[in-house]
Every structure is written in structure tokens, then in C-alpha cells.
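Worksheet: the structure to be examined is printed underneath.
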Amino acid sequence: MRYLYGPIPSSRLGQSLGVDPVPLKTCNWNCVYCQLGRSTPMVHERREYVPRAAVIAELKEALAGGIGPVDWVSFVGSGEPTLHVGLGWMIRAAKAETTLPIAVITNGSLLYLPEVREELCAADLVMPTLAAADEQVYRRIHRPHPEATFARQVDGLAAFRKLYRGQFWIEVMLIRGLNDDAATLDGLARLLRALAPDQVHLTLPNRPPAEPWVMPPDDEGLMRAVSILGQWAHVVHPAGGAFALPPGTPLVDGIIDIIARHPMSDGQVRALVAQDAPGEVEAVLARLAADVRAQVIERHGTCFWIKAGSVFGGNGHRPNVAVQEPVTQNTAI
Ligand code: SF4
């Protein structure tokens, strides 16, 4: 599969079949917490990054082939999906193929464009990001393209909120020392009150962040966030579902399809292989380690498998041997 991955367990969407309409790290932000590494270079131009008809043909094939339980079809993946100029067409085409609800996970930075707002209206659920309450914090967290300003972000979210009739869920990624102080949280509370989203999710950088110094808030910071934002928001905890591969997908290829969009801890990879081929865990891990498409990054004591070519601050490397790590619970993060 080139444009689809999963289904994967999502903390906010249950079992999510991912549709990826842009190549790796095609994004106009360069978030310090990005699980896909740094955006090099950033792009702000909307283009036909991959052939839209091919994306929908692959979705049609996957739906016909039986993909197991799926709660949402989600446009998300290797970067910012609204950068694809055919996103609205793909959402409408996907809806013609399935009765499953369609979600778009976006940074929201292009919602200042009327055509992007119009295109996203076709989705059942839109999930933008809002992690800062002023330009300075916005720039420190997201390190955006010069065209993607904080004013445009806020104006775009407000304009879309007025237009959109589907579910509108905002994600607030909390980072220690960047947006867990009282002034920033008070500012976020004011913005959220004005935007009146259907749901607000407080998330933590639990997946490998692009920059090694990125940490979740400490207990005090998290309590402060819950106390200031708790009227609208709740903390989203790691999902408990299982990763799955489409029937017939070779294990190493399927794992690489997932880690290109969603890093997996070594324990998660082992649990996925154990589901499909219980006697082959070590052999598959050794093949993955030898595959030039995969690499390993260590963050806060956990080894994650990520796509080779991803650029992380710190110690991403190609393993020569399978990474050894105690098998952990098969939970998505
Ligand atoms: S987290 Fe999302 S918006 Fe931020 S750099 Fe990564 S892909 Fe782009």
C-alpha cells in the first residue's frame, strides 16, 4: 500500500484507517514535538503531491479486500494533508466508496484560505491543532513557514467554525516549559471559549519528538492545564487497541508503511508480529533492522522504529541488529 496504512489504534478515533495524501514530512510547520522528525524543507504551496485518483483506487481496493474493524477513515499521515490541492475531491470520493465516517487531522494553518475551508466541509470530523495563544509561543512550538502566521491560524479556525456543520475537535499539545504556564493556558482558554469546539483534547508528546529536549508537562503543569482548560478539555491517554495489517501484506512492508506515518515502539512492533506470526518475531525484527527503509530513534528510554530518512535531533540511527527492548504492552501512543 502506498497511500494507506493501518488500521492503527488511535487514542481519539478508535481503529483508524489512515489515508496519506502527501510524501514524508510535507508540511508548513516544523513542530518541536513532531513524531515524523523535522520538516526539511518546509513547504506552504498546495499541490497535487500524489495522484488523487491513485489514493482513492487504493482505498477502494482496501475496503473491498476486508480490513478488519475500522471506526474512521482518517486523512492524516506524513505531513499536512490540506497541502494536497485535491483534498476536497478525495474526501468526497472516499465518501462515495464507504459509509465509514471521514476525519481529517490537520494543523489548521491553511484554514485562512476559503477554498481549504470549503474542501474540509465534506468531512465528518475535522481535528485541528491549537497549542499557543500568541505569536511568540506559536513560533517556538511550531517553527512555521513565514506564510503560516499565528493571526492566520486563529482567523482560519474562527472562520471555519462559523461555516462547518460537522464535528470540530481541537487538539492542544502540552509541552513542558513552552505552553504549560498560567498565562499561555489562560490565553488558550480565551481562544477555546470563542471557538466553541465540540471537543478539546489535551495531548502529550508521548511519541518520539523531533527534538530530544521536548517533554510532557510535569504533574504540576498538567494539573494547571486541567484546572484552567478542564471546563472544555480532557486529557487523552494512549489508545489500547492493536495495530493491524491489511490481509496478505508482507510483515516488514506493512510495518514500514505504518512507521512512515506513525512511529512504533519496539514493543509495539513485537506485539504486531506476534499476532500474525508468533514464531517469527525475532526473524522479522532482524529483517526490519536490515531493511534500509527503517531506522531507530531513542527517546526517554524507549526505542522507536521510524522511517529511514526522517530527520530527528539527537540519535536516530540505522540499526545493524534488532533493537533489544523489553516487550511492552501493545498500546498505541
Ligand atoms: S506535527 Fe503535524 S503539523 Fe507539526 S510538523 Fe509534524 S506533520 Fe507538521
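In listed order, ligands and their atoms are each counted from 1.
- Salt-bridge check for E211 with R38: passed, with a basic side-chain N closer than 4.0 Å to an acidic carboxylate O.
- Taking a 6.0 Å sphere around CZ of R139, one finds it holds more than 12 heavy atoms contributed by other residues, nucleotides or ligands.
- Salt bridge R224/D181: absent, no basic N to carboxylate O contact under 4.0 Å.
- In terms of heavy atoms, P205 sits closest to Y33 at CB-CB, 4.3 Å.
- For a distance threshold of 2.8 Å, the protein N, O or S atoms nearer than that to atom 8 (Fe) of ligand 1, listed by chain and number, are C27 SG.
- Ring centroid separation for the pair H262 and F243 comes in under the 6.0 Å cut-off.
- Interface atoms of ligand 1 facing Y33, defined by a heavy-atom separation under 4.0 Å, are 1 (S).
- Comment: R270 engages D266 in a salt bridge, judged by a side-chain N to carboxylate O separation of less than 4.0 angstrom.
- More than 12 heavy atoms of other shown residues, nucleotides or ligands fall within 6.0 angstrom of atom CD in E48.
- Atom 6 (Fe) of ligand 1 is approached by the protein to below 4.0 angstrom, counting heavy atoms only.
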